[in-house]
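A quick write-up on the structure given underneath.
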Amino acid sequence: MRDILPNSASDGPLHAAIQQLEQAAKLIGLDDAVLAKLENPKRTTIVSIPTKMDNGSLRVFTGYRVQHNMDRGPCKGGIRYHPHVNLEQIVALAMLMTWKCAVVGIPYGGAKGGVVCDPTEMSRDELERMTRRYTTELIEVFGPEKDIPAPDLGTSPEVMGWLMDTFSMNKGYSVPGVVTGKPLAIGGCRGRREATGRGCTFIIQEACNSMGMKMDGSTLVLQGFGNVGSAVAELVYPTGIKIIAVGDVHGAIHNSNGIDITKLLQHARETGTVTEFPEAEALPNEELLTLDCDILVPAAIEGVITQANADRISAKMVVEAANAPTTPEAHDILLNRDIFVVPDILANAGGVTVSYFEWVQSLQAYFWSAEQVNKQLEDIMVRAFHAVYDEAQRRETDMRTAAMTLAVGRVAEAISTRGIYP
Ligand code: NAD
């Protein structure tokens with residue numbers, strides 16, 4: 001890793017990912033050679049993507065695909081379209097995908113891809129041409145038995161449909177198993193849209209049980225009301241949990257008696273935001289996370305719980321629905337204050353788990369009902385929660401460290417069982 005990215009920032013995502021890996025490696029007594037293998041991604045591909053723009057000009061975008069590890073199965077991970085995409089970030093995210101898949105026990109390694117572009121400034125046709133060329137440049141890298149992309153920031157089921165079609169056109173036959181998160185009409189999976197939120201809801205339930213808390217009557221604060229946050233809200237609401245505050249990029253709202261989530265979902269659908277909801281008071285965004293509550297669910301962006309606010313978080317538990325919402329320094333502060341933190345690689349693994357179901361269905365050309373999807377998701381999330389919880393008890397450590405030792409241990413076992421080729 002250090003060889004391929006010698007200039008990576010000491011406060012950047014890759015540095016943090018390697019630190020986490022090294023800490024877990026130390027705890028499980030990992031062999032140095034295996035650690036070195038895990039610090040370095042298996043394959044990094046950088047492509048240039050010449051794309052005809054609508055005005056007749058040609059723009060050359062830069063795209064990445066990083067495959068971190070394939071010892072437990074093919075690589076799996078999203079593709080993001082964003083102006084800030086860079087190699088260091090993509091390598092770090094690919095590594096986190098390896099741990100996420102291992103922690104829930106699905107047979108994948110981690111990957112991530114991205115294109116440096118601003119999809120909000122591009123037309124649909126430009127995005128389609130760029131996606132098709134990106135896919136073609138990576139035609140030997142992707143494949144249902146090698147590397148299976150999915151949507152991430154700035155990409156959508158429609159983009160996955162173009163990717164699947166381009167891959168299939170190049171092969172000469174339909175290959176639905178090459179992507180997940182694709183539309184239902186071409187082999188998408190029922191329940192995929194709300195899978196991350198649903199998985200997170202099972203985790204909240206198990207965490208409450210383990211801490212002797214009842215969901216009914218507990219108070220919850222939610223940051224983010226997008227795909228993940230709104231699904232969490234919708235799915236925990238019927239348990240009797242009181243969601244007392246919700247925030248999004250535009251602002252936050254608060255009602256200490258509990259917000260009517262059915263009405264809030266309708267309001268957000270109509271206005272595009274949770275703000276101005278008539279049955280709650282406005283709250284400044286910076287006050288949302290420090291509100292007094294039982295359960296805090298950050299489901300928006302990374303780095304929102306920091307050294308600056310961690311000592312004022314007053315929740316009993318934090319369930320990380322977003323990726324990397326807590327900085328390492330803030331995590332230490334939360335632990336010192338006896339706040340139970342369920343880490344992102346466990347709490348939001350429902351998305352990749354249902355992606356796995358989609359891949360299985362695509363390979364078999366046999367499709368499951370929503371009930372089957374949700375039941376299998378529940379089985380995997382509940383099992384994963386207890387595996388991590390038991391590991392934490394056994395090692396007398398926190399849930400994040402336990403999730404990492406479990407995940408790294410599983411990948412390391414696969415490596416040592418297979419041996420190093422040749
Ligand atoms: P989304 O774009 O659908 O929603 C994001 C939400 O966060 C929106 O409500 C937005 O207004 C809010 N937000 C953005 N910036 C904010 C800010 N500065 N302050 C407060 N709120 C802000 O995204 P999503 O798919 O719901 O993903 C949310 C998080 O979950 C991300 O960290 C993502 O990486 C992670 N995640 C998503 C999935 C998935 O399946 N969608 C899977 C795993 C992890």
Side-chain angles (χ1 to χ4, degrees), residues 13 76-82 84-85 89-90 92-94 96-97 99-101 103-104 106 110 112 114 119-120 149-157 159-160 180-182 188-189 191-201 203 221-235 245-253 264-265 267-269 271-277 283-291 296-306 309 319-326 342-358 377 381:
K76 188 87 191 81
I79 294 174
R80 63 173 53 177
Y81 288 173
H82 195 275
H84 296 156
V85 160
Q89 170 204 52
I90 298 292
L93 291 169
L96 291 184
M97 282 304 294
W99 315 138
K100 197 178 289 190
C101 294
V103 93
V104 285
I106 57 177
K112 203 79 180 186
T120 62
D152 192 73
L153 225 71
T155 54
S156 60
V159 171
M160 295 304 112
T180 61
K182 54 194 178 290
C189 181
R192 175 65 187 86
R193 188 188 58 78
E194 66 277 17
T196 305
R198 188 179 296 278
C200 191
T201 304
I203 294 291
V221 168
L222 177 65
Q223 182 191 48
F225 208 65
N227 180 314
V228 177
S230 66
V232 170
E234 189 171 7
L235 293 163
V246 180
D248 66 19
V249 70
H250 305 288
I253 55 165
L264 183 64
L265 285 163
H267 172 81
R269 261 193 301 273
T271 66
T273 171
V274 298
T275 57
E276 316 271 319
F277 182 59
L283 184 79
N285 250 343
E286 46 294 355
E287 286 175 30
L288 179 75
L289 298 175
T290 54
L291 274 181
L296 175 63
V297 182
I301 53 167
E302 68 285 348
V304 292
I305 303 178
T306 66
N309 61 5
V319 180
E320 295 183 339
N323 279 320
T326 314
V342 186
D344 48 4
I345 58 169
L346 172 62
N348 69 30
V352 72
T353 301
V354 173
S355 268
Y356 163 58
F357 299 159
E358 179 176 333
L377 174 64
M381 296 305 292

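Both counts, for ligands and for their atoms, begin at 1 and track the order of listing.
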What is the closest protein heavy atom to atom 23 (O) of ligand 1, and at what distance does it sit? N227 N, 4.5 Å

Could you list which atoms of ligand 1 come closer than 4.0 Å to a heavy atom of G224? 6 (C), 7 (O), 9 (O)

Is there a polar contact between ligand 1 and N323, counting only N or O atoms under 3.5 Å apart? yes

Please could you name the atoms of ligand 1 that D248 approaches to less than 4.0 Å, counting only its heavy atoms? 9 (O), 11 (O), 20 (C), 21 (N), 22 (C)

Is a side-chain donor-acceptor pair under 3.5 Å present for T290 with N309? no

Check whether any side-chain heavy atom of E302 lies under 4.5 Å from a side-chain heavy atom of N323, and answer yes or no. no

Separation between CG (N348) and NZ (K100), nearest 0.5 Å, reads 3.5 Å

Considering residues at least two apart in sequence or located in another chain, which fulfil the ring pair (Phe, Tyr, Trp, His ring centres under 6.0 Å) criterion with Y81? none

Ligand 1 atoms nearer than 4.0 angstrom to some heavy atom of A300 are 7 (O), 12 (C), 13 (N), 21 (N), 22 (C), 28 (C), 29 (C), 31 (C), 32 (O)

Numbering the atoms of ligand 1 from 1, which are under 4.0 Å from a heavy atom of I301? 14 (C), 15 (N), 17 (C), 18 (N)

Between the OG1 atom in T353 and the CZ atom in R198, the distance rounded to the nearest 0.5 Å is 13.0 Å

Nearest-neighbour protein heavy atom for atom 19 (N) of ligand 1, which is reported as residue plus atom name and distance: Q223 NE2, 4.0 Å

Within the structure, does at least one protein heavy atom fall under 4.0 Å of atom 3 (O) of ligand 1? yes

Nearest protein heavy-atom contact for atom 9 (O) of ligand 1: which residue, which atom, what distance? F225 N, 2.9 Å

Residues V319 and P298: closest non-hydrogen pair is O-CD, 3.2 Å

Protein contact for atom 15 (N) of ligand 1 (heavy atom, distance under 4.0 Å): yes

Please state which part of A321 comes within less than 4.0 Å of ligand 1, counting heavy atoms only: side chain, backbone, both or neither. backbone

Only heavy atoms count here, so choose which of G199, A349, A322, P325 is nearest to atom 30 (O) of ligand 1. A322

Short N/O distance, under 3.5 Å, between V249 and ligand 1? yes

If I compare all heavy atoms of P157 with all of P151, which pair ends up nearest, and what's the gap? N-CG, 4.5 Å

Roughly how far, to the nearest 0.5 Å, is CD of Q223 from CG of L291? 11.5 Å

For atom 5 (C) of ligand 1, which candidate among A268, G226, G247 provides the closest heavy atom? G226

For M381 and L346, work out which heavy atoms get closest and say how close. CE-O, 3.3 Å

Out of T196, V352, L93, N285, indicate the one that has the non-hydrogen atom closest to atom 42 (C) of ligand 1. T196

Look at atom 27 (O) of ligand 1 and say which protein heavy atom is nearest, naming residue and atom and giving the distance to 0.1 Å. V228 CG2, 3.8 Å

Please check if any side-chain donor atom of R80 sits under 3.5 Å from a side-chain acceptor atom of T155, or the reverse. no

